[in-house]
Protein chains: 2
Amino acid sequence: MPYDPSAFPPFAVTVDLVVLTVRRHSLCALAVRRGEQPFQGRWALPGGFVRADEDLAQAAERELAEETGLCAHDPSAPAQDNGAHLEQLATYGDPKRDPRMRVVSVAHLALAPDLPAPRAGGDADGARWAPVEELLQQGGHGRDGEPVAPLAFDHAQILADGVERARSKIEYSSLATAFCPPEFTVGELRRVYEAVWGVALDPRNFHRKVTGTPGFLVPTGGTTTRQGGRPAQLFRAGGATLLNPPMLRPEV
Amino acid sequence: MPYDPSAFPPFAVTVDLVVLTVRRHSLCALAVRRGEQPFQGRWALPGGFVRADEDLAQAAERELAEETGLCAHDPSAPAQDNGAHLEQLATYGDPKRDPRMRVVSVAHLALAPDLPAPRAGGDADGARWAPVEELLQQGGHGRDGEPVAPLAFDHAQILADGVERARSKIEYSSLATAFCPPEFTVGELRRVYEAVWGVALDPRNFHRKVTGTPGFLVPTGGTTTRQGGRPAQLFRAGGATLLNPPMLRPEV
DNA sequence: GATCATAGTCGTCTTCCTGACGATAAGCAC
DNA sequence: GTGCTTATCGTCAGGAAGACGACTATGATC
């Protein structure tokens, strides 16, 4: 079969972002309001077209920076200051997922510490952090009682897949530290797990587990009382990326 | 930003397949010889263009059927007779990965029981099962001493990612049964783990683990001596898909 | 047919990890 | 100081896994 440009149909390729953070004890995702058709006025995941000279990861980093100002870094790259974790999630290519044309979207998952108010991207009316349950309940009601329209396109599915990825990945990796500021306490890390999993964890067993796993946490020497109560040691994320044995998610 | 078809560059979208099986005690992948430029005559992963009306999973199933005759099924669908496991792996979109044009490839991972000789696909000179180490050693030598050229495109990376996914996934899922015929013995399943992980496992502890995990294996009542030695019970894969606690991969 | 090699299956023992939970420490608000 | 909060250490029982002994049931070989 010789090379024949007419032998394959043209596609548009986009990246969509599932940006997760933990705010006020709940897992939140970044949503933008669509300013154009289709799904005008509906909430959607941030994203955009991949440019002609761009790698997929570069496109995702660019979109993340545009929407949040975050400087993402590859997990294989050395850790950075303001860096969020960014990884490819999955690719969605149903022929009917975009009514305008054939669009294949390479979804990425970003995990970020709690951020100030998001800034709106170019083609979006506004942006906000919303609890994932709120974004995923189709046709339900938000915290303020307003009816909530489901996310545009297949973004509810993408978000659900991203949340599931994050939930399972913090079990066997040190990724939960990506939700924390550079220095954090064991209790703050525990609240991350509790928010992502939606469960309560025993503070004593959690403390034993994370401080007993070599390379997970390194003490900085400082302490803080920003959570109230007795002063807590401050830690930074250690070099270990894989937790073995893993952190066990409680049953149901 | 109004809808403007010129606002995004056109891409070609393909699916590439990492088809793994266990043959003669080693993990093997399906490779096809390229019949055209670029990389003519080199080994590559099977794959092809996604058609205009096709979902990504459908395209992967079609390619798998074309190359192997296997009827793949979604993990969410009920188990089938001749069905291989098929799942999306990752998407590769480096602007330079194909010298002809901008191609984004959605790689899929397929796990299949040992099959008869593969049949060549449409645009391939030939196809064969090759041990993954042989395909991954760049510029090394094959089993017969012949020099081996590295896989075409970025297929070595894709294969490595697929192998790593398979290795980690059989830890916490019952996916290893996808490498086995419909009825199999505990020893045959153990040889799958040993081949995929490249380690030796204790037969007694393995037997205790798999027979003690509820829903993993269901006895069929029959026995076989096809492996020699004392007759072994035959099992089918049970309904459980997640192993909890997981099968532990030995250190190093 | 006796012996041997091969593979399968059942047990035991020790060690490690976890879940449950008591107890103490060190801040802050009043 | 009292009470409340959070952090941290310790103890104990139960479960799972690694190491490995012992026995079983075939086919192959002499």
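A note on names: the letters A, B, ... follow the listed sequences, proteins ahead of strands, and every chain is numbered from 1.
Candidate nucleotides D:dT26, D:dA7, D:dA19 were compared by shortest atom distance to the side chain of A:Arg191, and D:dA7 ranks first.
Going from atom CG of A:Leu248 over to atom P of C:dA20 covers 12 Å, rounded to whole Å. Taking atom CD on B:Glu194 and atom P on C:dA7, their separation rounds to 11 Å, with Å as the unit. The interatomic distance linking A:Gln233 (CD) with D:dT6 (P) rounds to 18 Å, in whole Å. Protein atom CD of A:Gln227 is 20 Å distant from nucleotide atom P of C:dA26, rounded to whole Å. Per the geometry, CZ belonging to A:Arg249 stands 17 Å off C1' belonging to C:dT18, to the nearest Å. Between the CG atom of B:Leu189 and the C1' atom of C:dA7 there is a distance of 15 Å, given to the nearest Å. At whole-Å resolution of the value, CG in A:Leu201 and C1' in C:dT18 are 13 Å apart. In this structure, CG of B:Asn244 is placed 13 Å from C1' of D:dG15, rounded to the nearest angstrom.
DNA chain D lies under 4.0 Å from no heavy atom of any residue of residues 214-223 of chain A.
Between A:Lys209 and C:dT18 there is a side-chain polar atom (N or O) within less than 4.0 angstrom of OP1 or OP2. The side chain of B:His207 places no N or O atom within less than 4.0 Å of a non-bridging phosphate oxygen (OP1 or OP2) of C:dG8.
Checked by distance alone, B:Arg208 brings a side-chain donor or acceptor within 3.5 Å of a matching partner on the base of D:dG18. A donor-acceptor contact under 3.5 angstrom links the side-chain atoms of B:Arg204 to the base of D:dG21. Contact annotation: side chain of B:Arg230 to base of D:dA25, donor-acceptor pair absent below 3.5 Å.
The residue among A:Asn205 and B:Gly229 whose nearest nucleotide of DNA chain D lies closer to the 5′ end is A:Asn205. Of the residues near DNA chain D, B:Gly228 and A:Glu188, the one whose nearest nucleotide (by heavy atom distance) lies more toward the 5' end is A:Glu188. Residue-to-nucleotide proximity on DNA chain C shows that, of A:Thr225 and A:Asp202, the 5′-proximal contact is made by A:Asp202.
Counting heavy atoms of neighbouring residues, nucleotides and ligands inside a 6.0 Å radius, atom CZ of A:Arg236 does not exceed 12 of them.
Residue contacts for A:Arg190: at a heavy-atom cut-off of 4.0 Å it reaches the sugar-phosphate backbone alone, with no base atom in range.
Taking the salt bridge (charged side-chain N to carboxylate O under 4.0 Å, His left out) definition, one finds that A:Arg165 meets it with A:Glu87, sequence neighbours left out. Listed by chain and residue number, nothing satisfies the side-chain hydrogen bond (donor to acceptor under 3.5 Å, both in side chains) test with A:Glu183 (two or more places apart in sequence, or in another chain).
Remark: A:Arg226 CZ to A:Thr223 OG1 distance equals 10.5 Å, nearest 0.5 Å. Once rounded to the nearest 0.5 Å, the distance linking CD of B:Glu63 with OG1 of B:Thr68 reads 10.5 Å.
Here B:Phe206 and B:Tyr193 bring their ring centres to under 6.0 angstrom of each other.
Electrostatic pairing of A:Glu134 and A:Arg128 counts as a salt bridge here, judged by a charged N lying under 4.0 Å from a carboxylate O.
Judged by distance alone, the side chain of B:Glu188 and the main-chain N or O of B:Thr185 form a donor-acceptor pair under 3.5 Å.
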